[in-house]
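The next block holds one structure in the form of structure tokens; read it before the comments.
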Amino acid sequence: MQTSKLRPVLQAVSVFNNARYVTSVNNVMPNVTESIQPLKSWDEIPGPSKLPIISSLHHFLPMGSFYKIDGYELLDKLYKTYGPITRLPGLFGSPDIVILYDAESIAYVLRSENLTPKRPGFQSLEHYRKEYKKKYGKETHEITGLVTDHDEKWKTLRSTVNPVLLQPKTAKLYSNILDDVANDMIKRMRLIRDENNMLKGDLGTEMNLWALESIGVVALGDRLNCFDPNLPADSPVRKLIQIVHDFFAVADKLDFKPSLWRIFPTKSYKRAMKLYEDQENLNKYFIQKATEVLKTKRVDKESENEKGILEKLLEINEHYAYLMASDLLFAGVDTAANTVIPTLYLLAKNPEKQNKLREEILSGSEKRPYLKACIKEAMRIMPVVSGNLRQTSKEYNILGYHIPKHSMLTFANQHVSMMECHYPRPNEYIPERWIADKEDPLYHGNAHPFAFMPFGFGTRSCIGRRIAELEMETFVARVVENFQIDWFGEPLKQHQSALNYAKGPFNFTFKDV
């Protein structure tokens, strides 16, 4: 995937129903040994044709069938044209990629992969950590992070940090302080409203401030003071926010668009290496500060009863603690912010759902099933990540086609979750489907279990899931408790980059309840 026109194919934001090629669970037979049909070759997988040198690029040029079509519309057209399995020819030496729209086929691959599934991505960051630093004499380590490691190295790190990050009791340690962050953000929102109850400035920036303050508490064990009204533009906190945003932008250019950086150091490549180095140095700054605070707290014996994530990881392996704090800081900001914004938007556009949620929150009940359902439904319709990628560890027969070992497969998760066959009335925001009884036609359990995977699946699933859910539930609850959220103007749109970004203008109003 190496062109701005092809990029959306792998990370499509797609809303589509009444599909012509929907394949139900009952009629999918991924295993060819059970079928009398002859196995078709890799080259026979349907998809855009290719020409020498330019591959399939001509389809995306003027007069081409996919010219000026991207994102949701492109995935939809590819699906309607070629069906539940589509092969997209690679460009400029990159490998072909097969897109799967069929939930049972996706399940078959994910369940069949080995214990160390390979998920390519952020190759420029991997290059920086493993090659660039070594070339220029910088300190390197054998294990570089969950994002950039694979196979046994990845397994070593993941198996070490899993018990710390995935325990429910670990997430609960942060309940009170994340609620403090949410309340402080509510105060800030009140302060920066204008006479029309709209937030001054950019809502996206404000949500990034909230997300960084929240994940900073988890990753570093202390507040970063992102809400300080006198925070200088050149402060470490402001720099970190900008670097996190720039990180995904530059990775998108190098890893998901045509680039010659693997052949010679392009301008974008040089900028990326500098950005990754700056990010690393800022992370070290914050982690060192957090470590000093922890040393002070250890004097208090009572604190031994409730050790946070950073403190627990430091006791296990100092390098691992640094890696996880760094990855949490860059992976937990834009993702959380661009999940909350669509959630607030969909609640604003569906006031009856918002009122129902407010009633649940004001009831004082500790359990909040409708809150969880509201966020989950937002992630189904407008997810921050719309697809997943795997490099296969073995050969497969998918829908009668031979998939060789080491092939690149993309799972069109958002497209699948918007299919009528899985979720009735898929274009409608209906949180009730996640808490409905089994007899209800909307009951989410009627969908294929792999039709909706916002946090991935298996050993490669999101390690920060419990923390992310707690952050978002806490903040959304406080916003709905304090404000009547309204929206005016054109519908909210998402812009596809390495992530799906909510795109302004943000026409929200926040009136005091």
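Just so you know, these numbers use all the heavy atoms, side chains as well, and skip hydrogens, waters and symmetry mates.
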Enumerate the residue pairs fulfilling side chain to side chain donor-acceptor pair (under 3.5 Å) with a member in residues 227-236, sequence neighbours excluded, ordered by first and then second residue. none

Basic-acidic side-chain contact under 4.0 Å: Glu377, Lys353: no

Do Arg262 and Gln123 come within less than 4.5 Å of each other through their side chains, counting heavy atoms only? yes

Has Leu191 got more than 12 heavy atoms of other residues, nucleotides or ligands less than 6.0 Å from its CG? yes

Tyr269 ring center near His127 ring center (under 6.0 Å): yes

Test side-chain contact (heavy atoms from CB on, under 4.5 Å) applied to Phe452 and Tyr423, step by step: CA-CA 10 Å; Phe452 177 69; Tyr423 298 102; 3.2 Å; yes

Heavy atoms, side chains only, cut-off 4.5 Å: are Phe475 and Met207 in contact? yes

Closest approach of Ser268 to Val250 (non-hydrogen atoms, all atoms of both residues): O-CG2, 3.9 Å

Heavy atoms of Ala412 and Ile99 approach each other most closely as CB-CG2, 4.2 Å

Please examine the side chains of Asn413 and Phe450, heavy atoms only from C-beta on, and report whether any two atoms are closer than 4.5 Å. no

Quick check: does any side chain N or O of Arg119 sit under 3.5 Å from a backbone N or O of Leu389, one acting as donor and the other as acceptor? no

Looking at Glu352 and Lys356, is any side-chain nitrogen of the basic one under 4.0 Å from a carboxylate oxygen of the acidic one? no

Short side-chain to backbone donor-acceptor contact, Gln391 and Lys118, under 3.5 Å: no

Within the structure provided, determine whether Lys187 and Phe227 are in side-chain contact (heavy-atom separation under 4.5 Å). no

Drop me the distance from Ile375's CD1 to Trp434's CH2, to the nearest 0.5 angstrom. 13.0 Å

Could you check Met472 against Thr339 for side-chain contact (heavy atoms from CB on, under 4.5 Å), going step by step and ending with a plain yes or no? CA-CA 8 Å; Met472 295 186 292; Thr339 298; 3.4 Å; yes

Other residues, nucleotides and ligands only: do more than 12 of their heavy atoms fall within 6.0 Å of CD on Glu490? no

What are the two closest heavy atoms between Arg390 and Pro117, and how far apart are they? NE-CB, 3.7 Å

Nearest-0.5 Å distance, CG of residue Leu344 to CG of residue Leu203: 7.5 Å

Test side-chain contact (heavy atoms from CB on, under 4.5 Å) on Lys284 and Tyr322; report intermediate values, then the result. CA-CA 8 Å; Lys284 287 179 180 178; Tyr322 166 77; 3.6 Å; yes

Using every non-hydrogen atom in the two residues, find where Met185 and Glu206 come nearest and quote the distance to one decimal. CE-O, 3.5 Å

Is the backbone of Lys153 close enough, under 3.5 Å, to the side chain of Asp149 for a donor and an acceptor to pair up by distance? no

Val513 vs Asn482 side-chain heavy atoms within contact, under 4.5 Å: no

Per-pair distances, 0.1 Å, donor-acceptor, side chain in residues 501-508, under 3.5 Å, sequence neighbours excluded:
unit_1 : atom_1 : unit_2 : atom_2 : d
Tyr501 : OH     : Asp334 : OD2    : 2.7
Asn507 : ND2    : Phe488 : O      : 3.1

Who are the salt bridge (Lys or Arg N to Asp or Glu O under 4.0 Å) partners of Arg223, not counting sequence neighbours? Asp184, Glu213

So, the side chain of Arg193 versus the backbone of Phe510: is there a donor-acceptor pair under 3.5 Å, distance only? yes

With distance as the sole criterion, is a donor-acceptor pair present between the side chains of Glu432 and Tyr370 under 3.5 Å? yes

Taking atom NE2 of His495 and atom CG of Leu499, what is their separation to the nearest 0.5 Å? 10.5 Å

Candidate pair Met453 and Asn388, rule side-chain contact (heavy atoms from CB on, under 4.5 Å), full reasoning: CA-CA 9 Å; Met453 297 183 294; Asn388 212 331; 6.0 Å; no

Apply side chain to side chain donor-acceptor pair (under 3.5 Å) to Lys155 and list each qualifying residue two or more places apart in sequence or on a separate chain. none

Does a donor on one side chain sit under 3.5 Å from an acceptor on the other, for Thr148 and Arg129? yes

Would you check if Leu165 and Thr170 make a side-chain contact, meaning some heavy-atom pair closer than 4.5 Å? no

Residues Arg238 and Gln242: side-chain donor-acceptor under 3.5 angstrom: no

Taking every non-hydrogen atom, the tightest pair across Ala211 and Gly332: CB-O, 4.2 Å

Step through the shown structure and confirm whether more than 12 heavy atoms of other residues, nucleotides or ligands are within 6.0 Å of CD on Glu318. no

Would you please name every residue forming a side-chain contact (heavy atoms from CB on, under 4.5 Å) with Ser461, sequence neighbours left out? Arg158

What donor-acceptor contacts under 3.5 angstrom involve side-chain atoms of residues 176-183, with partners at least two apart or in another chain?
unit_1 : atom_1 : unit_2 : atom_2 : d
Asp179 : OD1    : Arg478 : NE     : 2.8
Asp179 : OD1    : Arg478 : NH2    : 3.3
Asp179 : OD2    : Arg478 : NH2    : 2.8
Asn183 : OD1    : Arg478 : NE     : 3.4
Asn183 : ND2    : Asp179 : O      : 3.2

Less than 4.0 angstrom from a charged side-chain N to a carboxylate O is my criterion; do Glu315 and Lys307 meet it? yes

SG (Cys374) and CD1 (Ile430) are apart, to the nearest 0.5 Å, by 12.0 Å

For Glu428 versus Arg380, what's the shortest heavy-atom pair and its separation? O-NH2, 3.3 Å

Polar side-chain atom of Lys133 near backbone of Glu139 as donor-acceptor pair, under 3.5 Å: yes

Ring centroid separation for Tyr136 and Tyr128, is it under 6.0 angstrom? no

Qualifying residue for side-chain contact (heavy atoms from CB on, under 4.5 Å) with Phe330, from Asn283, Ile243, Val147: Val147

In plain terms, say whether Asp222 and Lys289 are close enough for a salt bridge, that is, a side-chain N and a carboxylate O under 4.0 Å apart. no

Mind running salt bridge (charged side-chain N to carboxylate O under 4.0 Å, His left out) on Glu131 and Lys135 for me, showing each step along the way? CA-CA 6 Å; Glu131 299 176 31; Lys135 179 179 178 181; over 6 Å; no

For the pair Lys138 and Glu277, find out whether any cationic side-chain nitrogen is under 4.0 Å from an anionic carboxylate oxygen. yes

Side chains of Arg460 and Leu110, heavy atoms from C-beta outward: is any pair under 4.5 Å? no

May I ask you to check whether over 12 heavy atoms, not counting those of Lys372, lie within 6.0 Å of atom NZ? no

Check step by step if ring pair (Phe, Tyr, Trp, His ring centres under 6.0 Å) holds for Tyr132 and Tyr276. CA-CA 11 Å; Tyr132 180 88; Tyr276 297 159; 9.1 Å; no

Charged N to carboxylate O under 4.0 angstrom, Asp246 versus Lys239? no

Can you find a pair of side-chain heavy atoms, one from Leu310 and one from Leu314, that are under 4.5 Å apart? yes

Donor-acceptor pair, side chain of Ser214 and main chain of Glu471, under 3.5 angstrom: no

